[in-house]
Amino acid sequence: MSTSSTLSPASGLPASDRAFFGHPIGLGWLAFCELWERFSYYGMQALLVLYLSNYLFLPENIGHVAGIETLRAWIEGVTGPRSPQQLASVVFGLYAGLVYLTPLFGGLLADRWLGRTRTVVIGASMMALGHFLMAFEASFLAALACLLIGVGCFKGNIAAQVGALYVPGDQRRASAFQIFMLAVQVAVILAPIVCGTLGEKVAWHWGFGAAGVGMLIGLVVYLAGRRWLPAEAPRVSAAQNTLEAKPRMTANELARLILLIALIPVLMLSIVGNQQFNNAFPLWSQKHMDLVMFGWQVPVTWLQAVDAFLSTATMIASLAFWRWWATRRREPDEITKMALGALMAACAPALLVIAAAQIEATGEKISFAWTVGYALLNDLGFANILPVGLALYSRAAPRRMEGLMIGIYYLHLFIGNTFVGWLAGLLDVLPGTQFWALHAVLVAAAGVILVLVKLLLGRVLEPQPSA
């Protein structure tokens with residue numbers, strides 16, 4: 001009964017289905033479901049580190065959390081004693097990192113036992129439960145566990161269903177994922193505004209509750225559109241799988257595999273400035289940034305909406321630039337783009353060094369405009385790191401290891417977010433100039449290492465002729 005549940009195009013739907021902007025109608029249901037799932041995820045994420053640092057992990061409240069002493073003892077056994085802010089950043093970093101690890105197990109669960117549809121439904125249900133458990137201080141750790149299980153079951157499997165709407169060779173597949181990602185970007189912009197405003201201006205639990213309602217809407221949308229979604233293909237047995245011939249890895253493929261794995265720590269360093277936008281940056285901003293506009297205190301979470309808006313714009317701008325560049329010159333390879341992206345992204349925390357120096361010199365708060373500058377430089381660089389890296393690992397992966405290599409690629413986000421959680425704790429012990437200079441150096445170092453990889457080992461990752 002179990003192993004592979006590779007998806008096939010939705011049974012009963014004509015190949016000419018173009019009811020949703022020229023695409024199968026199932027894409028509309030999946031995109032709308034993903035919008036609400038990402039709304040719930042980013043709404044909760046926007047509030048989490050502020051909630052922990054400003055309320056739940058304060059000495060008078062932390063004792064209400066079931067199991068927190070065990071978790072704290074484990075963390076402090078590795079890092080040493082943690083202040084409330086440092087503990088909040090570590091817990092946030094662990095959560096944000098594990099979000100990129102659990103989909104590996106969710107994909108395995110769907111492939112071997114439950115199939116994509118059931119696994120997605122379980123994931124959505126667990127996420128909704130997790131958001132509502134956030135309303136109770138005692139169940140905080142149980143809520144995080146539910147959210148991690150839910151994201152793991154949901155994240156990769158719904159994306160796989162998007163691809164399964166199209167037969168091999170259907171040229172609409174690439175634009176389908178662009179539409180799908182557009183829904184994500186809409187959610188990323190709206191979630192901090194809605195959930196963040198409720199959480200900061202009304203009560204923390206209102207913000208988490210709004211995220212839970214969003215996830216319930218996403219679940220309803222998914223169930224309502226099931227008839228338009230891909231059918232599960234018949235599963236083959238483990239014995240049948242073992243009979244399939246597995247091509248032997250060539251020397252060149254082995255060299256590429258080793259190099260791609262060795263690049264994971266470098267990619268981890270390249271993202272530390274970007275990932276701090278959800279961890280250290282809001283904590284630093286609430287202390288040092290003037291967020292009063294027309295007499296009204298702007299919620300700190302709105303800064304993440306600014307980043308989301310600019311990340312969408314810079315992603316579009318980056319695509320347009322490289323398309324224009326390709327009409328005039330040879331387009332650089334992935335490693336070169338990623339190196340350029342890391343060097344540009346390093347300018348973002350370097351900019352905050354200037355802002356921090358201004359704070360230390362005058363003792364006054366800085367303008368909101370520094371957020372725009374930080375986000376703009378960071379997002380311009382990041383647009384040439386994460387998606388370009390994804391393309392590299394997909395293209396350069398040895399034959400029949402593409403799926404595994406994508407999972408390996410996402411490990412840099414798991415390691416990176418965990419590392420960022422520890423780095424954010426340095427806010428308590430370093431002045432702002434040193435804190436942000438450290439991040440600028442780490443990101444720039446990644447860029448320099450990628451340049452060296454290009455110069456010394458670039459040929460290993462060059463496209464191979466088709467067999």
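- Without hydrogens or angle criteria, Gln85 side chain to Ala280 main chain gives no donor-acceptor distance under 3.5 Å.
- Of the inter-residue distances, the one linking Leu147 atom CG with Leu133 atom CG reads 8.5 Å to the nearest 0.5 angstrom.
- Counting heavy atoms from C-beta on, the side chains of Leu219 and Trp36 never come closer than 4.5 Å.
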Report task. Assess whether side chain to side chain contact (heavy atoms under 4.5 Å, CB included) is satisfied between Leu461 and Leu457, documenting all intermediate values. Result -> CA-CA 8 Å; Leu461 297 175; Leu457 300 169; over 6 Å; no
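- Taking 4.5 Å as the limit, some side-chain heavy atom of Leu263 sits within range of a side-chain heavy atom of Ile335.
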Query raised in the report: Is there a side chain to side chain contact (heavy atoms under 4.5 Å, CB included) between Asn378 and Phe281 once you walk through the steps?
Result: CA-CA 13 Å; Asn378 172 74; Phe281 185 74; over 6 Å; no
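- Considering every non-hydrogen atom in both Ala143 and Gly130, the closest pair reads CB-O, 3.3 Å.
- No side-chain donor-acceptor contact under 3.5 Å links Thr119 to the backbone of Leu114.
- The backbone N or O of Leu352 lies less than 3.5 Å from no partner atom in the side chain of Tyr374, so there is not a single donor-acceptor pair.
- Of the possible polar contacts, one joining the Asn384 side chain to the Leu380 backbone as a donor-acceptor pair under 3.5 Å is found.
- A distance of 6.0 Å separates CG of Leu442 from CG of Leu269, quoted to the nearest 0.5 Å.
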Requested in this report: Check the pair Met338 / Ser270 against side chain to side chain contact (heavy atoms under 4.5 Å, CB included), numbers first and verdict last.
Outcome: CA-CA 9 Å; Met338 293 166 70; Ser270 74; over 6 Å; no
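- Looking only at distances, a side-chain donor or acceptor of Arg256 sits under 3.5 Å from a matching main-chain atom of Ala396.
- Within the structure, every pair that satisfies the side chain to side chain donor-acceptor pair (under 3.5 Å) test and touches residues 434-454, not counting sequence neighbours, is listed here: Gln276-His439, Asp333-Lys454.
- Among residues two or more places apart in sequence or in another chain, the salt bridge (charged side-chain N to carboxylate O under 4.0 Å, His left out) test is passed with Glu360 by none.
- Contact record, Ala191 with Gly43: CB-N, 3.4 Å, taken as the closest heavy-atom pair.
- A donor and an acceptor atom, one from each side chain of Trp204 and Asn54, are nowhere located under 3.5 Å apart.
- Between Glu34 and Val162, the closest side-chain pair of non-hydrogen atoms is not below 4.5 Å.
- Side chain to side chain, Asp428 and Ser83 meet the donor-acceptor criterion of an N or O pair below 3.5 Å.
- Put simply, NZ on Lys287 and NZ on Lys365 are 11.0 Å apart, with the number rounded to the nearest 0.5 Å.
- At distances below 3.5 Å, at least one donor-acceptor pair connects side-chain atoms of Glu200 with backbone N or O atoms of Val300.
- Using a 4.5 Å heavy-atom threshold, the side chains of Val91 and Leu144 count as touching.
- Put simply, the side chain of Trp302 does not reach to within 4.5 Å of the side chain of Leu291, judged on heavy atoms.
- Minimum heavy-atom separation, Pro387 to Phe382: CD-O, 3.7 Å.
- In this structure, the separation between CD on Gln275 and CZ on Phe419 is 12.5 Å, given to the nearest 0.5 Å.
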Requested in this report: Check the pair Lys337 / Leu392 against side chain to side chain contact (heavy atoms under 4.5 Å, CB included), numbers first and verdict last.
Outcome: CA-CA 11 Å; Lys337 287 184 180 180; Leu392 171 65; over 6 Å; no
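- Remark: the backbone N or O of Phe414 is paired with a side-chain donor or acceptor of Thr418 at under 3.5 angstrom.
- For the pair Asn157 (side chain) and Val120 (backbone), a donor-acceptor distance under 3.5 Å is absent.
- Expressed to the nearest 0.5 Å, how far CG of Leu52 lies from CZ of Phe92 amounts to 9.0 Å.
- Under the 4.5 Å side-chain criterion, counting only non-hydrogen atoms from C-beta, Pro265 is not in contact with Ile415.
- Few gaps surround CZ on Phe321; more than 12 heavy atoms of other groups in view lie less than 6.0 Å from it.
- Counting heavy atoms from C-beta outward, Leu104 and Leu108 have side chains that stay 4.5 Å or more apart.
- Formation of a donor-acceptor pair under 3.5 Å by the His412 side chain with backbone atoms of Tyr409 is found in this model.
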Donor-acceptor contacts under 3.5 Å from residues 72-79 side chains, at least two apart:
from  : atom 1 : to    : atom 2 : distance (Å)
Arg72 : NE     : Glu76 : OE2    : 3.1
Arg72 : NH2    : Arg82 : O      : 2.9
Glu76 : OE2    : Arg82 : N      : 2.9
Thr79 : OG1    : Ile75 : O      : 3.1
Thr79 : OG1    : Arg82 : NE     : 3.4

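- Note that CG of Leu259 and CG of Leu456 are 10.5 Å apart. Values are rounded to the nearest 0.5 Å.
- Nearest approach of Val49 to Asn278, heavy atoms of both residues: CG1-O, 3.6 Å.
- Across Thr301 and Ala46, no two heavy atoms sit closer than the pair CG2-O, 3.2 Å.
- Smallest separation of non-hydrogen atoms from Cys33 and Ile158: SG-CD1, 3.9 Å.
- Enclosure of atom CZ in Arg328 by more than 12 non-hydrogen atoms of other residues, nucleotides or ligands within 6.0 angstrom is indicated.
- Within the 4.5 Å cutoff, side-chain heavy atoms of Leu413 are placed close to those of Leu386.
- Remark: side-chain polar atoms of Thr327 are paired, donor with acceptor, to backbone N or O of Trp324 under 3.5 angstrom.
- Checking Glu37 against Tyr41 by side-chain atom types alone, no donor-acceptor pair falls below 3.5 Å.
- Around atom CE of Met268, more than 12 heavy atoms belonging to other residues, nucleotides or ligands sit under 6.0 Å away.
- Ring planes of Tyr100 and Tyr410: parallel class, angle under 30° (limits at 30 and 60°).
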